[in-house]
Structure formats: C-alpha cells, structure tokens
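In this text the structure is predicted, and so the values were computed from the model without any measurement.
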Amino acid sequence: MAAIVACSHKPVYDSADSAAAAALASRVVPEAADHFVFETLPADSCDYFVLRQDGDRLVIGGNNANSMAVGLNYYLRHYCGVNIGWFAEDKGPVPDKLPAVAEPVRRNARVPERFFLNYCTFGYTMPWWKWEQWEHFIDWMALNGINLPLAITGQESVWYSVWTELGLTDEEVRNYFTGPAHLPWHRMLNLDRWGGPLPQSWLEGQEALQKRIVERERELNMRPVLPAFAGHVPPELSRIYPDARIERMSDWAGFAEDDFPWFLDPDDPLFPVIQKKFLEKETALYGTDHVYGIDVFNEMIPRSWEPSYLGHVSRGVYESLAAADPEATWLQMTWLFYNERRYWFEGDSDERVKAYLTSYPAEHSILLDYYCERMEVWRNTDCYYGIPFIWCYLGNFGGNTFLAGDIHDIASKIENAFAEAGPNFKGIGSTLEGFDCNPFIYQFLFEKAWDFPEHGDVDAYAASLSRIRTGVENDAAVSAWKTLFDEIYIQRSVPGHSPIMNLRPSFGRSSSYHSSVRFNYENEKLREVILSLLEAGGSGPAYEFDLVNVTRQWLCNGFEERFARYVEAYDNRDTEALASLREELLATFDTLDELLASQPYFLVGRWIADARSWGATPAEADYFETNARNLLTSWGDRGNMLTDYADRSWSGLVGSYYKGRWELFFDAVDAALADGESLDGPRADALLEATKDFEHSWWADRPGTFPSTPHGNSLSLVRSAIGER
C-alpha cells in the first residue's frame with residue numbers, strides 16, 4: 001500500500017496513481033475534492049477498488065488510478081446521485097453533506113479490458129476538440145473504467161514526415177490527406193483527397209494535442225491504441241518506387257475515382273520499411289503501449305477471396321508490425337465480418353474469416369466484436385478460434401439524434417457472453433460512431449464491466465437512474481424512466497436512424513440513401529414521459545437535457561404523423577388541407593429549433609465555432625467551417641450516397657438546412673398541383689436537382705451564422721412545445 005503523507009489539510013501522495021486520482025477528483029468535483037483520500041492498494045488478479053470511511057473523509061483505494069477513478073464515480077453516482085457526463089457542462093450538483101459509507105465496499109472488474117471509441121467518432125464528434133474538451137473526456141473515460149481508448153489524433157504529422165522523407169513533395173502529401181472531419185475514412189483506407197489539402201497548421205496543432213492526450217491517458221492507467229501502417233499509400237509513391245506492388249482499391253460510397261485509396265501489397269519489400277519508419281517516428285513523438293489499430297479491408301473488397309490470399313495479407317501485416325515492435329499487439333475491428341458478411345461467410349462457411357484471423361499468433365491479437373447488439377460474430381466463428389476479443393456495443397451511426405438502444409437486450413447479451421464465450425472473452429467496449437443523445441446507455445455498458453450489484457435487476461437500475469438523471473426521488477421520476485426503459489428504448493440503433501424532418505423530402509421512399517425512421521411505440525407514450533418528468537420537478541443539466549431530448553423526439557415523431565396526413569391530402573388533391581398542413585409542418589421546424597437552442601449539445605453553431613477556432617487565418621477558418629458543414633449534410637459532393645448519413649437534430653440545422661429543403665418540396669407540390677400535374681417524372685427530377693443545389697450552397701457558401709452558446713429556458717420551452725403552461 002502506498003503511503004499517504006499527512007499535512008495540515010490536504011494529503012500528499014507518494015504514489016503516482018494516487019496523485020493522478022486525486023488530481024482527477026479536483027478537476028471533476030473541485031467543490032468536494034477535499035472529502036476524498038486516495039490510496040494505492042496491492043495488485044490482485046483483477047482491477048478493483050475499495051471504499052471505506054475514515055472520519056469525515058472517504059478513502060478510495062484501488063490497484064491503480066483507473067480503478068480509483070471508477071471507485072470515485074461509483075460513490076458519486078450510487079451514493080450521491082451525481083451524474084458526470086462526457087461533456088464538461090453535464091455535471092449534477094454535489095450534495096452539501098456527502099453521505100458516509102457505513103461498511104467498506106469492494107468492487108472487482110469482471111473483465112481486464114474496457115475499450116472505447118471508433119475511428120468514425122474522430123470525425124462525427126471530436127474533429128474540432130481542443131484540450132479543454134479532451135481533458136474532461138479523458139477524465140470521463142477514467143471514471144467509467146475505460147483503459148483501452150483509441151488514440152488516433154495527430155497521426156498525419158507522422159505520415160507527413162514519412163512520406164516526405166521517402167521523396168514525396170509537400171503538395172503531394174497534403175493533397176493526399178482529406179479534410180479534417182473526413183480523416184477517419186482516410187485512416188481506414190476508404191478515401192483520399194476529398195476536402196484537402198490539409199493545412200500545415202492543422203498538422204502541427206494536432207501533433208501538440210495528441211502529446212497531451214496520450215500523456216494524460218497513461219497517467220490514468222490507460223493504454224492508448226495508436227495507429228500503424230495498414231498498407232495505405234499515396235499513389236505518387238509509384239513515381240519513386242516504380243516496382244512496388246501498389247494497386248487501386250475498390251470504390252467506396254460513390255466517391256469519384258480520383259478519391260479511391262491505394263494499397264501496397266504486404267508482401268512487397270517496401271511494406272516493412274514503411275511500417276518500421278512510421279512506428280519509429282510515432283514512438284518518438286507519442287510513446288507506445290505496444291497496442292496498434294490496423295484495419296486493412298474495412299468496407300473494401302479484397303482483390304481475391306481465396307483464403308490463402310487473405311491469410312497472406314494478415315500474416316504480412318503482422319510480420320511487419322512484429323519486426324518493428326516485437327512486443328506489438330494488433331487490435332482490429334471486425335465490422336468487416338458483419339458489413340461484408342455475405343462474402344466473408346460465403347455459403348455459411350467461416351473458412352475465409354478463419355484464414356484471415358489465424359495466420360498470426362493469437363497472443364498478439366485483440367479483436368473488437370464491433371456491433372454485438374446486431375450480430376455477435378464470436379458466435380459464428382467458434383468464439384474467434386480462441387483469439388482474445390472484446391464485446392462491443394455500437395449504439396450510434398453518424399452522430400444521429402434518435403432515441404435508440406435496448407438496455408434489457410444489452411444486459412442479456414453481455415451476461416450470455418460471460419456465461420458462454422469462454423476464456424478469450426477479455427473485455428467490454430463501445431464502438432459508437434458519434435456521441436449521441438442517449439449517453440446513459442454507455443455509462444450502463446461500462447458499469448457492466450464491474451461486479452456492481454445495481455445491475456442485477458434492470459428495473460431497479462432504471463429507478464436508480466431516475467434519481468441520478470433528475471436529481472430527485474419521487475414516483476413521477478421513477479415512472480418516467482421505467483416507461484423509457486420498457487416502452488421507448490426497445491430498438492437498436494441502425495444506420496440513418498433519423499426523423500423524416502432531417503431527410504430529403506419525397507413522396508414514398510426517401511432519396512437519402514441511408515434512412516430509417518421507424519419507432520416502435522405510440523408517440524403519446526413520449527408525451528406521458530415528458531409530463532412525468534415535469535411533474536418530478538427535477539433539476540440539473542441531465543434533467544434539462546433529458547426533457548429537451550425526449551420532447552425533441554416527440555416533435556419529430558409528430559411531424560411524421562402529420563406528414564402522413566399531408567400525403568393523404570396530396571393523393572386526394574385537397575389543396576385546402578395541404579395548405580393548412582404545410583403551415584403546421586413548417587411551424588414544427590421553428591418550435592424544434594427554438595427548443596434545441598436551449599441546450600449546448602444541440603447547437604450546430606458550437607460545431608461550426610469549434611471548427612473555425614482551428615484556423616490560423618480567416619481563410620483557414622472558412623476552410624474548416626466548410627468541411628464541418630459538409631460532413632453533416634452532403635458528406636461529399638452533390639448527390640453523394642452518404643448525404644444525410646450524419647444528420648442530427650441541432651438548432652441551426654433544423655431551422656435553416658432541413659426547413660429550407662422542405663420549403664422547396666412544399667413549393668414544388670403547390671406548383672405541380674396548380675398546373676394540374678403530379679410531383680413525379682421531370683418535376684421530381686427538377687426538385688431533386690434544386691435540392692442538391694440548396695445543399696451544396698449551405699455547406700460550400702456558408703450562408704448564415706448560428707449561436708454557439710445556448711439561450712432560452714429549457715423547461716418553459718418544453719411546456720410550450722407540448723401545449724402545457
């Protein structure tokens with residue numbers, strides 16, 4: 001046990017772990033930090049923490065700083081009812097008198113690995129973050145026991161050094177990179193060039209940021225998962241190495257051929273040279289914990305499906321990694337086995353998967369079972385042939401704002417994995433594409449990684465959560481959250497989980513390629529939840545967020561119901577009803593936009609302001625804003641198949657972009673009917689082109705500015721929206 005050196009008021013720690021945990025407490029609950037004393041306990045067979053009362057102070061012990069952080073969060077949530085969310089503004093008030101822990105409490109981790117993040121999260125949520133946001137988020141990860149975070153910020157400066165040292169020009173390298181928000185798909189070998197060239201100031205700023213990120217993560221006993229070479233190269237490399245086996249990959253998401261990525265065969269002698277050069281430079285800048293994320297065929301089609309070829313590729317990648325770092329562990333996502341499952345499991349055979357995964361040592365591999373709420377790949381692969389894997393909940397696509405996720409199902413699947421998956425089931429994680437409007441689900445997920453008795457009964461957990469989220473204990477709060485758990489959160493997230501308000505308007509199927517507007521409950525149930533939450537009389541950031549969030553979904557669902565009546569009126573050529581419903585539908589955009597403006601999470605203005613803040617010059621600020629707007633809307637150029645994939649109900653987007661598209665649609669309907677025609681054929685084609693023009697103008701010309709700080713009273717706006725005063 002590490003010694004705690006007494007002083008007149010604050011303890012002085014002689015253990016780096018205890019000092020790191022104390023520093024975390026001073027950041028997240030400064031008003032109560034003096035109440036806690038941290039002590040480093042001996043290592044055991046698993047991570048663990050112990051809470052014990054020592055007079056007026058609570059002693060939080062653990063085998064490392066990460067375990068102590070979980071102990072602090074456990075006490076705050078389950079004794080004090082305090083929620084600390086992943087954004088800094090989401091923190092409930094700490095009680096003036098902190099409750100005592102009557103008897104010592106010990107809790108153990110059930111799995112050694114707790115993974116978080118997805119390449120996509122660095123585009124859909126985090127591209128514009130600076131240290132202030134990262135610092136709080138890293139603290140949030142520690143509080144939730146995450147010890148294996150993806151850490152891919154700042155890699156472009158390493159690649160810039162590698163490629164220029166190999167002979168490419170500054171222009172060639174920076175043109176090879178995409179714009180900042182699109183970098184995740186460049187890093188995953190999906191896309192080159194789109195939105196470039198990347199400014200030099202960005203490379204320098206991201207490098208400085210990554211140094212702080214990995215330093216703090218290691219301080220809190222995390223092992224950052226750094227990138228390594230997956231075979232992705234600039235095509236201009238062929239000019240310098242004409243004999244290198246470099247080939248263009250398959251198309252992705254409808255981008256132009258010039259944007260296709262290029263792949264160097266792992267058997268080429270240049271491959272290990274690049275791997276070694278990259279890892280040496282990366283380690284010099286950011287250090288290493290010897291865990292590297294490499295994904296070779298993510299959403300791409302290999303040039304051959306022969307098992308021998310697939311095994312050859314993975315073996316070559318691993319051998320290059322091991323030659324550069326003999327301690328290396330290769331971590332990879334298994335999304336490809338779900339997304340391209342008809343190829344990988346051809347004829348229900350797992351021969352291709354097995355060849356690819358077993359061509360290198362299992363003890364140097366970690367697999368992320370990426371979308372377990374939809375498909376548990378471990379069940380289709382003989383538990384991954386004994387290779388260590390992490391059960392992952394994805395939960396969100398594109399940063400969409402939609403009430404989705406099924407805690408009952410998540411809890412059941414995780415418990416079944418503990419019972420059935422075998423000893424190579426090593427962890428629990430989340431691979432969310434973007435932070436979404438259901439943050440409590442991810443906190444629940446990571447609590448399942450520990451032996452918390454609060455998870456024995458999901459209904460009891462809902463009651464506990466009602467206190468944490470509302471800040472009060474009463475029947476109305478419990479009723480609201482029980483209804484949410486049992487009747488609203490009953491479907492998993494899917495790509496394009498969006499209200500029709502956010503999609504290109506049409507009669508029939510939306511022309512947005514990814515769109516799923518289904519909700520499996522009566523919308524009146526949501527209104528009952530809103531009324532119960534209002535009756536509960538709660539307070540705090542989580543309470544106000546939940547009220548706005550649930551009301552947002554209720555308004556969006558109501559829009560869909562009204563639009564169904566609009567379609568019926570159109571079929572009946574009832575112009576009077578069409579005019580009335582048009583007015584109601586457009587008014588919904590205004591009501592929703594005003595409501596969303598009261599919460600910081602729901603502001604497109606904040607997203608844009610954060611993007612602009614990276615600009616070293618006004619021209620660079622405009623460049624970053626254009627890139628930020630593009631990702632949320634067209635995603636690429638006009639008519640890109642990912643249009644609306646990253647849609648979200650945010651103030652500013654709702655009132656300008658989504659409403660603007662629907663106004664075009666309603667005008668086209670009115671014009672068609674006035675001419676005695678239908679909105680189909682050439683008229684529908686013309687509307688689609690006009691819509692694309694509008695979309696392009698919104699992100700490319702950047703019309704309008706939007707507030708970056710919230711305004712308006714959330715509770716009064718909720719009452720107004722549902723017709724209650």
Check step by step if salt bridge (charged side-chain N to carboxylate O under 4.0 Å, His left out) holds for E447 and R77. CA-CA 11 Å; E447 289 196 355; R77 287 177 67 80; 3.1 Å; yes

Are Y384 and W378, when compared by the centres of their aromatic rings, separated by less than 6.0 Å? no

Here's one to test your reading of the geometry: is the NZ or CZ of R469 within 45 degrees of the ring axis of W481 and under 6.0 Å from its centre? no

With a 4.0 Å cut-off, would you call K525 and E487 a salt bridge? yes

Does K413 pair with E376 as a salt bridge, N-O distance under 4.0 Å? no

Less than 6.0 Å separating the ring centroids of F444 and F452? no

Do F116 and W140 have ring centres separated by under 6.0 Å? yes

Is it the case that the ring center of F519 lies less than 6.0 angstrom away from the ring center of Y521? yes

My understanding is that only one of W134, F435, Y601, F137 makes a ring-ring contact (aromatic ring centres under 6.0 Å, His included) with W86; could you say which? F435

Could you report the tightest heavy-atom contact between A88 and H136, atom names first, then the distance? N-CD2, 3.3 Å

Looking only at non-hydrogen atoms, find the nearest pair between S250 and M300 and report the distance. O-CE, 3.0 Å

Minimum heavy-atom distance A421-F389, with the two atoms named: CB-CZ, 3.8 Å

is_close_aromatic(Y370, F337), centroid dist under 6.0 Å: no

Nearest heavy-atom approach of N438 to A404 is ND2-O, 3.4 Å

Within-4.5 Å side-chain heavy-atom neighbours: R187 and I152: yes

Please tell me if the side chains of Y658 and S649 come closer than 4.5 Å, counting only heavy atoms from C-beta onward. no

Would R648 and W607 count as a cation-pi pair here, with the cationic atom under 6.0 angstrom from the ring centre and within 45° of the axis? yes

Would you say that more than 12 heavy atoms from the other residues, nucleotides or ligands in this model lie under 6.0 Å from the CD of E594, or not? no

Given side chains that start at C-beta, do those of W185 and Y119 come closer than 4.5 Å, heavy atoms only? no

So with a 6.0 Å cut-off around CD of E522, is the heavy-atom count from everything else above 12? no

Intermediate values then yes/no, salt bridge (charged side-chain N to carboxylate O under 4.0 Å, His left out), K482 and E528: CA-CA 12 Å; K482 180 170 175 53; E528 292 175 11; over 6 Å; no

Is the charged tip of R110 near the ring of F418: under 6.0 Å from the six-membered ring centre and within 45° of its axis? yes

Tell me if the aromatic rings of W650 and F706 count as close, with their centers under 6.0 Å from one another. no

Is R374 close enough and on-axis enough to Y371, meaning under 6.0 Å and within 45°, for cation-pi? no

Evaluate the criterion side chain to side chain donor-acceptor pair (under 3.5 Å) for residue pair H182 and N630; output intermediate values, then yes/no. CA-CA 10 Å; H182 294 76; N630 175 261; 3.2 Å; yes

